[in-house]
Colleague: 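Pasting a structure below so you can have a look.
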Amino acid sequence: MDPAVPPSPSPPAADGLPTATVVLKPKRARPFFGRHPWVLDSAIARLDGDPAAGDVVDLATHEGRFVARGLFNPHSRLRVRLYAFDPAQPLDGALWEGRIAAAVALRRRLGLDATDGAVRLVNSEGDDLSGLVVDRYGDWLCVQVTALAMAARLETLSGILGTLAPARGILLRGAERGLAGLEGLHLPDRVVRGQAPDGPVFVREGNLRYGIDLAAGQKTGFYIDQRDNRHAAARHAPGKRVLDMFCYSGGFALTAAAAGASAVLAVDSSAKATALAAANARLNGLATVAVETADAFERLADLAGSGERYGMVVLDPPKFARSRATVADALRAYHRINRLAVDLLEPGGTLVTCSCSGAVGRDEFLTMLAGVAQQARRSIQLLEVRGAAPDHPVSASCLDGEYLTCVIARVP
Ligand code: SAH
């Protein structure tokens with residue numbers, strides 16, 4: 001070989017076809033026949049072959065029967081992610097393109113294809129693309145990759161995105177979700193295609209505009225998942241004093257103000273968040289919104305102690321439970337803030353209370369509210385128990401993707 005020519009990285013065996021078979025332990029195949037896409041190392045008996053990281057592998061029962069086809073990660077407990085359940089289906093460019101096209105078409109059907117909007121275009125398992133999340137913010141796409149195999153295919157995937165969802169730039173943002181399987185993978189934020197915005201990006205949600213800092217914002221910059229919940233909550237806001245705790249860039253506060261709340265107080269412990277919320281209130285000419293930087297637990301207690309009362313209180317805290325191990329502590333924290341919020345509500349007021357802890361089940365969250373009702377000696381009348389907006393679909397085979405609960409309740 002000419003020594004001047006660097007060896008090219010070895011391409012996947014045949015495009016999208018398996019290099020090895022991952023054999024399950026006896027009696028461990030049932031979830032995968034049920035299309036659950038995550039094969040943990042603890043379910044695996046052995047490897048037939050020597051797959052490299054990111055390679056296509058077949059999953060087989062202990063008796064050798066084909067179950068599914070997936071991508072291999074030797075560095076993660078989540079050893080194989082499954083993408084096809086038909087032995088004739090290669091995991092090739094055509095498959096990724098078809099899946100991304102279906103995801104984009106779904107958002108179009110939902111009416112979420114405005115080019116100045118914020119929308120989740122691809123939602124990992126919910127779009128049969130485990131490990132890939134893509135958000136559109138106006139002219140920019142933000143990609144989060146939580147699977148090594150998706151990281152290895154980033155060029156292909158961003159090429160497909162560039163065609164199906166044209167944008168001025170595609171930005172790779174750090175992964176933040178749980179069982180990521182990114183061990184051994186260093187993925188710094190970078191511009192994958194096109195250019196980065198040179199300032200805040202402005203998006204429209206309903207009649208409101210928001211500035212988003214794509215370089216430093218939380219998540220991929222904006223809480224898109226709460227879009228419909230902000231509007232559902234705002235129906236209860238006209239004429240009311242509203243408190244928006246954990247406001248981040250002010251979504252619930254601004255939507256309530258625009259719906260006719262008499263006064264809105266938006267609070268967050270992060271000065272960057274409150275600066276964003278204040279800027280967004282100004283951008284929309286919403287003079288009824290006041291913004292404060294404070295700790296929610298302390299501020300709720302101060303307000304309750306000083307006899308303040310509100311017609312609506314919104315609680316949208318960060319994830320209190322990162323795993324099952326911390327659920328009990330998380331439920332105590334949810335109880336504490338919800339108890340204080342109920343104390344702040346005038347009779348007949350509206351409580352909007354959220355959990356984005358996937359580890360806390362919806363039933364557990366509602367049971368926590370029953371505990372609050374008992375202690376506060378007030379009824380809590382559940383009006384709506386909502387999840388994330390429909391551009392965040394959840395696979396029925398992978399309910400781990402369901403993390404958001406937003407309860408809208410009346411407190412007589
Ligand atoms: N409701 C927002 C999203 C909230 S995200 C929206 O619709 O866009 C959760 C927010 O809680 C983050 O902005 C974080 O800065 C804030 N936060 C975390 N801990 C806090 C605390 N102890 N007190 C107040 N805010 C806190």
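Read the numbers this way: they start at 1 and go in the same order the structure lists the ligands and their atoms.
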Colleague: Hey, is R410 close enough to E384 for a salt bridge, meaning N to O under 4.0 Å?
Modeller: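 No.
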Colleague: State the atoms of ligand 1, each with its element, that fall below the 4.0 Å cut-off from a heavy-atom position in D295.
Modeller: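 Matching atoms, with element in brackets: 21 (C), 22 (N), 23 (N).
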Colleague: Polar-atom distance check: S270 versus ligand 1, any N or O pair below 3.5 Å?
Modeller: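 No - when backbone and side-chain N and O of S270 are compared with those of ligand 1, no distance drops under 3.5 Å.
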Colleague: Tell me, please, which residues at least two apart from E364 pass side-chain contact (heavy atoms from CB on, under 4.5 Å).
Modeller: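 Result, side-chain contact (heavy atoms from CB on, under 4.5 Å) vs E364: R324, V327, L331, V360.
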Colleague: Do the charged groups of D391 and R227 touch, with an N to O distance under 4.0 Å?
Modeller: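 Between R227 and D391 there is a salt bridge, with a charged N closer than 4.0 Å to a carboxylate O.
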Colleague: Check for me whether A294 has a heavy atom closer than 4.0 Å to any atom of ligand 1.
Modeller: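 Per 4.0 Å heavy-atom rule, A294 contacts ligand 1.
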Colleague: Which of these, C406, S269, G251, has its nearest heavy atom closest to atom 26 (C) of ligand 1?
Modeller: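 Minimum heavy-atom distance to atom 26 (C) of ligand 1 goes to S269.
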Colleague: Just jot down the side-chain contact (heavy atoms from CB on, under 4.5 Å) partners of R99, sequence neighbours excluded, or say none.
Modeller: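 Partners of R99 under the side-chain contact (heavy atoms from CB on, under 4.5 Å) test: Y83, L95, D128, L129.
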Colleague: Hey, looking at atom 7 (O) of ligand 1, which of K272, R230, Q226 has the closest heavy atom?
Modeller: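 The residue whose heavy atom sits nearest atom 7 (O) of ligand 1 is R230.
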Colleague: Output yes when the distance from some N or O of ligand 1 to some N or O of P317 is under 3.5 Å, and no in every other case.
Modeller: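 No: no nitrogen or oxygen of P317 is under 3.5 Å from one in ligand 1.
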Colleague: State whether D127 and R120 are salt-bridged, where the test is any N-O pair (Lys NZ or Arg NE/NH1/NH2 against Asp/Glu carboxylate O) under 4.0 Å.
Modeller: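 So D127 does not pair with R120 through a salt bridge.
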Colleague: May I ask you to check whether D268 has an N/O atom sitting below 3.5 Å from an N/O atom of ligand 1?
Modeller: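 Yes, D268 has an N/O under 3.5 Å of an N/O on ligand 1.
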Colleague: Looking at non-hydrogen atoms alone, which of Y210, Y223, F297, F320 comes nearest to atom 8 (O) of ligand 1?
Modeller: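 Result: the heavy atom closest to atom 8 (O) of ligand 1 is in Y223.
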Colleague: Are R230 and Y248 in a cation-pi setup, meaning NZ or CZ lies under 6.0 angstrom from the ring centre and within 45 degrees of the ring axis?
Modeller: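 No, a cation-pi geometry is absent between R230 and Y248.
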